[in-house]
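Hydrogens, waters and symmetry mates are skipped; everything else that's a heavy atom, side chains included, is used.
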Amino acid sequence: MQWADLPSLKLLKLLITESSSHHLLLIGAYRDNEVDAAHPLVLTVEEIQKFLAQSAALSTTLSASDQSHHTVLNQITLTPLSFSDLNALIADTLSCSEDVGRPLTELVYTKTKGNPFFTNQFLKSLYQERLIWFESCSWQCDISRVRALSLTDDVVDFMAEQLRKLPDSTQQALQLAACIGNRFDLTTLGIVCEQTQGETAGNLWNALQEGLIVPVGDVYKFFQAQVPSQSTLSLNEPVHQRMLDRSSADRIVYKFLHDRVQQAAYSLIPEAQKQVVHLKIGRLLRAKSTEAQQQELIFDIVNQMNLGVALMEEPSERLYLAQLNLQAGTKAKLSAAYEPAFAYFKAGITTLSSDCWQTQYDLSFTLYVQAIECAYLSKEFQEAETLSDRALTQAKTILEQVKIYELKLFLNNLLTRFTEAIQMGYQGLKLLGYSVPTTAAQLQGMTLLGLVKLKWNLRNRKIADLLDLPKMTVLEQQAAISLLEALLLPAYYVNQALLNFAVLKMVDLSLKFGNTNASVFAYATFGFLTGSVLGDYQSGYEYGEVAIHLADNCQDDLQKTRAYSSMGAYISPWYKNLRESIHYLKQGFQSGLESG
């Protein structure tokens with residue numbers, strides 16, 4: 001559940017808190033070392049707990065007959081089995097007393113340290129090696145032979161030894177499957193193995209029988225390595241379908257029983273051959289897939305080829321991989337997965353040739369811009385600074401230079417270097433031909449003048465008419481308003497006069513050249529200032545409503561977060577009741593989670 005997306009978590013919360021839900025048991029598992037207090041899963045659980053606590057408090061005022069909804073949320077922390085628990089498990093498994101099972105328990109506990117998965121696999125191995133057997137109506141165990149075994153106490157090494165007992169064809173299929181991931185489908189593995197799907201499924205059959213991999217979903221249909229004729233079918237053959245169409249095969253998905261099994265299978269590949277194998281897999285997936293399938297498999301293809309990039313010799317292939325990394329990074333970024341997105345963009349940069357700024361300028365600039373943004377969003381601040389300095393020296397046009405200054409402004413904001421951030425904004429605006437006052441007196445004078453002009457320009461309009469402005473299309477003005485928007489945060493902390501000036505300038509640019517996404521925050525912030533500074537709370541609320549409507553229609557979760565949060569925290573409380581303000585704040589918070 002630590003990997004669940006927000007819509008899934010919303011559904012989970014709805015199922016638990018919905019009063020009409022009855023006789024429903026939900027069980028979820030997650031690794032607590034992969035979440036923190038701000039993780040969406042933790043926040044969802046806290047919201048559920050709060051709701052249940054409120055429901056419980058309310059139910060105390062109702063009679064027992066009126067209580068129609070009673071939900072219990074339990075959290076269980078799974079730890080390794082204790083010695084006594086393991087001893088009880090072994091005694092129960094072998095139908096003996098705990099005293100009789102204790103010697104075996106001591107050996108198993110020494111090897112597995114109570115790891116449930118390791119324990120099961122270890123006992124299974126002892127049975128397969130005939131060190132545990134059933135005879136004369138009871139289970140027998142050769143303790144001396146078990147003690148003499150030179151078995152590793154590392155679960156991965158142990159599982160690798162078990163895998164080596166499988167047929168070579170099964171081992172090879174599992175090795176390639178481990179390169180794909182914890183889950184893999186029959187079609188993809190067939191491409192990687194350069195076999196038919198039937199041959200591939202047949203090679204997996206022994207691993208299925210041993211329980212090392214399991215099918216996912218309800219499609220339990222497996223190929224044999226070779227489809228026999230009707231006359232040679234045997235009732236002793238495994239139950240699976242001999243003929244499947246492509247769509248059925250695509251639905252056959254397997255997963256490794258445990259991530260340690262996957263690691264063990266991967267460890268069977270000689271270290272010197274791993275890059276060769278990954279590169280071969282990437283090339284095969286690329287060559288055997290249609291363009292549409294390549295988009296679906298983009299992460300699989302890129303991951304494999306990145307692992308084998310050191311072996312690439314053709315410049316054209318390296319260029320193609322850089323382009324694939326850009327596609328993969330963009331796709332990851334859209335899902336707010338900034339760390340993997342940064343890894344893809346950075347891999348794309350390292351794949352480029354040394355003269356990339358001369359031969360592949362557009363691709364190089366795009367990769368750098370995306371990498372810088374995802375670097376600071378992943379808290380890789382030093383990387384972001386290095387990349388932005390390098391990109392600034394190579395940027396050709398004014399708009400491209402302004403974009404880098406904007407990114408450097410964001411970076412300094414995150415590092416709370418607000419004075420430096422303001423300087424980055426000034427330099428970018430100067431390139432665009434805007435002269436920003438530097439002294440407080442100048443800023444205040446320009447702000448008052450701008451306010452008078454704004455009032456005059458709106459003299460025959462309603463504030464709601466701002467929604468009817470055309471879209472801003474002039475690129476230079478879009479860049480200017482984006483820079484001004486980025487300046488609002490550092491100005492809020494160190495220069496209130498600059499904040500007022502920047503907000504008015506953004507509204508003025510919107511009136512002159514049309515609305516853009518940045519206009520959302522301009523109207524929201526101006527609404528706050530109109531109420532708190534000028535005392536016109538009704539007009540301030542109307543500006544906030546304009547911001548909300550624009551945010552709902554601009555498909556930008558970041559702007560939606562800003563609009564709703566500003567409305568809920570700074571505008572609505574002065575004009576509407578707190579219940580409405582809380583609604584806006586919740587919407588803003590949710591949009592913030594969705595935008596990362």
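Relative to the ring axis of Y361, K396 places its NZ or CZ within 45° and under 6.0 Å from the centre.
Relative orientation of the Y541 and Y575 rings is tilted, given thresholds of 30° and 60° on the angle between their planes.
A donor and an acceptor atom, one from each side chain of Q496 and N500, are located under 3.5 Å apart. Looking only at atom types and distance, the side chain of T561 has no donor-acceptor partner in the side chain of S591 under 3.5 Å away. In the model, N306 has a side-chain atom that pairs as donor or acceptor with a side-chain atom of N325 under 3.5 Å. For the 3.5 Å distance criterion, the side chains of E385 and S388 fail to qualify, holding no donor opposite an acceptor. Looking at N412 and Y376, their side chains never bring a donor and an acceptor atom within 3.5 Å of each other. With 3.5 Å as the limit, one finds no donor-acceptor pair spanning the side chains of Q394 and E400. Side chain to side chain, Q75 and Q49 meet the donor-acceptor criterion of an N or O pair below 3.5 Å.
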With a 3.5 Å cut-off and sequence neighbours excluded, list the donor-acceptor pairs that the side chains of residues 443-461 form with protein atoms.
{"from": "T447", "atom 1": "OG1", "to": "L443", "atom 2": "O", "distance (Å)": "2.7"}
{"from": "N457", "atom 1": "ND2", "to": "K453", "atom 2": "O", "distance (Å)": "3.1"}
{"from": "R459", "atom 1": "NH1", "to": "W456", "atom 2": "O", "distance (Å)": "2.7"}

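Residue pairs meeting the side chain to side chain donor-acceptor pair (under 3.5 Å) criterion with at least one member in residues 513-531, sequence neighbours excluded: S510-S519, N515-Y523, N517-D556.
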Open item on the list: Between L487 and L499, is the side chain to side chain contact (heavy atoms under 4.5 Å, CB included) condition met? List the steps.
Closed with: CA-CA 8 Å; L487 274 173; L499 172 66; over 6 Å; no
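For the pair L307 and N303, the minimum side-chain heavy-atom distance is 4.5 Å or more. With a 4.5 Å cut-off on side-chain heavy atoms, F589 and S565 do not count as touching.
Distance CZ/F528 to CZ/F521: 10.0 Å, rounded to 0.5 Å.
Proximity of a side-chain donor or acceptor of Q478 to a complementary backbone N or O of M472 within less than 3.5 Å is detected.
Using a cut-off of 4.0 Å between Lys/Arg side-chain N and Asp/Glu carboxylate O, K403 and E406 are scored as salt-bridged.
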